[in-house]
Amino acid sequence: MKPMQPVRGTSDLMPKQKSQMNAVVETATLIANRYGFQDMETPIFEFTEVFSRPLGASSDVVAKETYSFEDRGGTSLTLRPEGTASVMRALISNGLTQSLPQKFFYAGPMFRYERPQKGRMRLFHQFGCEFIGSYNPLADAEIIGCAAMILSDLGVLDKCVLHLNSLGDTKSRDDYRHALITYLSDYKHLLSQDSKRRLDENPLRILDSKAVEDQQIVENAPRLPEFLTPQATEHFDQLTAALDTAEIDWHLDPTLVRGLDYYSHTAFEFITQALGSQGTVLGGGRYDGLSATLGGPDIGAVGFAAGIERLALLVDQTDEFIYDVGVILADDSASSVGFAFANKLRSCGLKVDIPLAGQVGKKLKRAALVGCSLCIIIGETEIKTDTIQVKIMATGEQKQLTQIEVVEFAQKFFEQKQESI
RNA sequence: GCGGGUGUAGCUCAGUUGGUUAGAGCGCCAGUUUGUGGUAUUGUAUGUCGCCGGUUCAAAUCCGGUCACUCGCCCCA
């Protein structure tokens, strides 16, 4: 029994779901190309340090969510939990730090050992864009603009709200962090269990805690914007000005925080209410500190990653018909002629099915079921007269034509059908 | 990792206080229609009642464990 089901947190991508995900990746690719992002791919596993160093050993992702293992040589490897660190590592490995900026996009599987939920799998897929080599706030705007356009083209933008925040530069954040810890320590005994833990590990997280007792304390806590350096404020203002001018709606969300250490300045998430508690459909921010953590030079960079499965869940699903034409074999004597003719139609670009089971009626039924709007019928009679029956499924109309006429007729039929859509 | 819910046919689900042959709708397959689909009608079939163990004369039903799914927390895509 056990081997018959997939591993917990993984699932088979059956044709329906797979095609929905393909559609998401296709439009994301289209838009990313317009912005000049180029497709790339990194290995799905890396030396463990590639993730543990930049993400921070205490971060949840590294502490309890990575799939790490030793290979036969005793080297510690980790299945990638996210894409950004790998992309930055690849940039450094390939000596591209001398030819900045670089703009990449990627799509592929990610792995996180978590408790599965709707929209949260242990094996899932992300699409991401990285704009590496600029400190300019306009780069942030380009990233968010690209993200928004992808969501818009997928028809899900109006189901999402763009939450935006600035974490400030390193100095802003350190100052704020200290002030926050000082403030919260006085109330430590009143904080929720989770938040007591967070006080040491990731105090900024307490700001968006869902526990009521925390929210009351947080209400009077020092606010991050007050600690932003003038440069950080300036960066944020320029970004929001660009977004406003481009008419990209955003919501200031001071509680929006990134769990990973290397983030600075801009942080954003497109959040939907439609997916339960896994509402973040696309998230990203600026990660100026990442390159240095990996041993590279200081490089400014921004990026985002989107959950492909989550997006596919939001996209309106339309059933697409698999076939155009059904070739109905009335009897076995028509097999070889029918097969050859089906191939002739296929080489004209049509999707052709040859139902194999049952009598003529059964085969027609089958053809109708899989979307054929045209059926051709071949049997002993047709072979004798060197003709073919063509049936228009919508009207039931049927005519007798020669092979060549049928090909012309079919091509014309589907051209018109295409135009009428 | 923590807490709640669920697990009966391909799908959606019913199954009364434990009681013998486990049901419905949809779908599937076949016939009405031996070379003509969508509608209609008739009929057939389908299940280790998630798995393992326990209580009992008797378990789909009660108990324990386990696996999976699901919702919330944590965290994030």
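We use all heavy atoms of the structure for the numbers below, so side chains are in, but hydrogens, waters and symmetry mates are not.
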Open item on the list: Please list all pairs meeting salt bridge (Lys or Arg N to Asp or Glu O under 4.0 Å) that have one or both residues in residues 18-27 of chain A, counting only residues at least two apart or in different chains.
Closed with: none
- [ ] Using whole Å, report how far CD1 of A:I383 lies from C1' of B:G35.
- [x] 13 Å
Task: Same-atom distance (C1') from B:A30 to B:U70, integer angstrom - done: 38 Å
- [ ] Compute whether any side-chain donor of one residue and acceptor of the other, for A:D169 and A:S172, lie under 3.5 angstrom apart.
- [x] yes
- [ ] Can you tell me, in whole Å, how much space there is between the P of B:C51 and that of B:A59?
- [x] 15 Å
Sort me out a list of protein N/O and nucleotides 25-28 of chain B N/O pairs below 3.5 Å, or just none if empty.
none

Task: Rounded interatomic separation in angstrom, taking CG from A:L374 and P from B:G38 - done: 18 Å
- [ ] Find the distance A:D12:CG to B:C69:P and express it as a whole number of Å.
- [x] 12 Å
Open item on the list: Looking at A:K362, I'd like to know whether one of its side-chain N or O atoms comes within less than 4.0 Å of OP1 or OP2 on B:A30.
Closed with: yes
- [ ] Round to a whole Å and report the spacing from CE of A:M121 to P of B:A68.
- [x] 13 Å
Open item on the list: Counting Watson-Crick and G-U wobble pairs with both distances under 3.5 Å, what is the dot-bracket string for RNA chain B, 5' to 3', using [ ] for crossing pairs and | for pairs to another strand?
Closed with: (((((((..((((.....[...))))..((((.......))))......(((((..]....))))))))))))....
Open item on the list: Could you check whether any side-chain heavy atom of A:L91 comes within less than 4.5 Å of a side-chain heavy atom of A:V87, counting everything from C-beta outward?
Closed with: no
TODO: Using a 4.5 Å cut-off on heavy atoms from C-beta on, say whether the side chain of A:F341 contacts that of A:V407.
DONE: yes
- [ ] For the residue pair A:L275 and A:V281, establish whether any side-chain heavy-atom pair is separated by less than 4.5 Å.
- [x] yes
TODO: Residues of residues 279-288 of chain A with any non-hydrogen atom less than 4.0 angstrom from an atom of RNA chain B: list those, numerically ordered, please.
DONE: A:T280, A:V281, A:L282, A:G283
Protein and nucleotides 1-3 of chain B: nitrogen or oxygen contacts under 3.5 angstrom:
| from | atom 1 | to | atom 2 | distance (Å) |
| --- | --- | --- | --- | --- |
| B:C2 | N4 | A:R115 | NH1 | 2.6 |
| B:G3 | O6 | A:R115 | NH2 | 3.2 |

TODO: Figure out the NZ/P separation between A:K118 and B:C73, and round it to whole Å.
DONE: 14 Å
Open item on the list: Please report the distance separating the P of B:G3 from the corresponding atom of B:G10, rounded so that it comes out in whole Å.
Closed with: 34 Å
Open item on the list: Can you list everything that forms a side chain to side chain donor-acceptor pair (under 3.5 Å) with A:T78? Sequence neighbours excluded, please.
Closed with: A:T48, A:S68
Open item on the list: Quick check: on RNA chain B, is the nucleotide nearest A:A357 upstream (toward 5') of the one nearest A:L364, or the reverse? Name the residue that is more 5'.
Closed with: A:A357
Open item on the list: Heavy-atom nearest nucleotide on RNA chain B for A:P116 versus A:Q389: which residue maps closer to 5'?
Closed with: A:Q389
TODO: Measure the shortest side-chain to side-chain distance between A:V315 and A:V156 over non-hydrogen atoms and say whether it is less than 4.5 angstrom.
DONE: yes
- [ ] For A:D175, check salt bridge (charged side-chain N to carboxylate O under 4.0 Å, His left out) against everything at least two apart and list the hits.
- [x] A:K171
TODO: Taking the side chain as every heavy atom from C-beta outward, state whether A:P355 and A:K362 have any atom pair closer than 4.5 Å.
DONE: no
Task: Inter-nucleotide C1' distance (B:C28, B:U34), Å rounded - done: 23 Å
Open item on the list: Taking only the P atom of each, what is the distance from B:G19 to B:A58 in whole angstrom?
Closed with: 14 Å
TODO: Give the minimum heavy-atom separation between A:S335 and A:L329, together with the two atoms involved.
DONE: CA-CD1, 4.0 Å
- [ ] Using only heavy-atom distances, decide whether a donor-acceptor pair under 3.5 angstrom links the side-chain of A:Q359 to the base of B:U33.
- [x] no
- [ ] State whether A:Y323 and A:K351 meet the cation-pi test: NZ (Lys) or CZ (Arg) under 6.0 Å from the six-membered ring centroid, and within 45° of the perpendicular axis.
- [x] no
- [ ] With the side chain counted from C-beta on, respond yes when A:D244 and A:W250 share a heavy-atom pair under 4.5 Å apart, and no when they do not.
- [x] yes
Open item on the list: Does any part of the side chain of A:I132, heavy atoms only, come nearer than 4.5 Å to the side chain of A:Y287, both counted from C-beta?
Closed with: yes
Open item on the list: List the residues meeting salt bridge (charged side-chain N to carboxylate O under 4.0 Å, His left out) with A:E269, not counting sequence neighbours, and say none if there are none.
Closed with: A:R258
Open item on the list: Within the 4.0 Å heavy-atom criterion, would you say A:G396 contacts the bases, only the backbone, or no part of the nucleic acid?
Closed with: base
Open item on the list: Just so I know, are the side chains of A:V161 and A:D253 near enough to count as touching, which here means a heavy-atom distance under 4.5 Å?
Closed with: no
Open item on the list: In this structure, how many angstroms lie between the C1' atom of B:C75 and the CZ atom of A:F124, rounded?
Closed with: 11 Å
Task: Whole-Å P distance, B:C71 and B:U32 - done: 48 Å
Hey, can you pull the donor-acceptor pairs under 3.5 Å for the side chains in residues 137-151 of chain A, sequence neighbours left out?
| from | atom 1 | to | atom 2 | distance (Å) |
| --- | --- | --- | --- | --- |
| A:D140 | OD1 | A:R286 | NE | 3.1 |
| A:D140 | OD1 | A:R286 | NH2 | 2.7 |
| A:D140 | OD2 | A:H235 | NE2 | 3.0 |
| A:D140 | OD2 | A:T266 | OG1 | 2.5 |
| A:D140 | OD2 | A:R286 | NE | 3.2 |

Open item on the list: Taking any heavy-atom pair under 4.0 Å as a contact, classify A:G326: base, sugar-phosphate, or nothing.
Closed with: nothing
Task: Pair listing, salt bridge (Lys or Arg N to Asp or Glu O under 4.0 Å) test, anchored in residues 328-339 of chain A, at least two apart - done: none
Distances under 3.5 Å only, N/O to N/O: pair up the protein atoms with those of nucleotides 41-45 of chain B.
none

Open item on the list: Between the base of B:U36 and the side chain of A:K391, is there a donor and acceptor pair under 3.5 angstrom?
Closed with: yes
Task: Integer-rounded Å distance: B:G37 C1' and A:I392 CD1 - done: 15 Å
- [ ] Report yes or no: is there a donor-acceptor pair, N or O only, under 3.5 Å between the side chain of A:Q278 and the base of B:G72?
- [x] no
Could you pull out every donor-acceptor pair under 3.5 Å between side chains of residues 370-394 of chain A and any protein atom, sequence neighbours left out?
| from | atom 1 | to | atom 2 | distance (Å) |
| --- | --- | --- | --- | --- |
| A:S373 | OG | A:K417 | NZ | 3.4 |
| A:E382 | OE1 | A:G379 | N | 2.9 |
| A:T385 | OG1 | A:T381 | O | 3.1 |
| A:T385 | OG1 | A:E382 | O | 3.2 |
| A:T385 | OG1 | A:T387 | OG1 | 2.8 |
| A:T387 | OG1 | A:Q400 | NE2 | 2.9 |
| A:Q389 | OE1 | A:Q398 | NE2 | 3.2 |

Task: Gap in Å between the two C1' atoms, one belonging to B:C63 and one to B:U55, rounded - done: 7 Å
Open item on the list: For a quick check of understanding: with a heavy-atom distance under 4.0 Å over all strands, which category does A:I377 fall into, base, sugar-phosphate or nothing?
Closed with: base
Task: C1'-based separation of B:C49 from B:C2 [nearest Å] - done: 31 Å
Open item on the list: Without decimals, in angstroms, what is the distance between A:L275 CG and B:C75 P?
Closed with: 19 Å
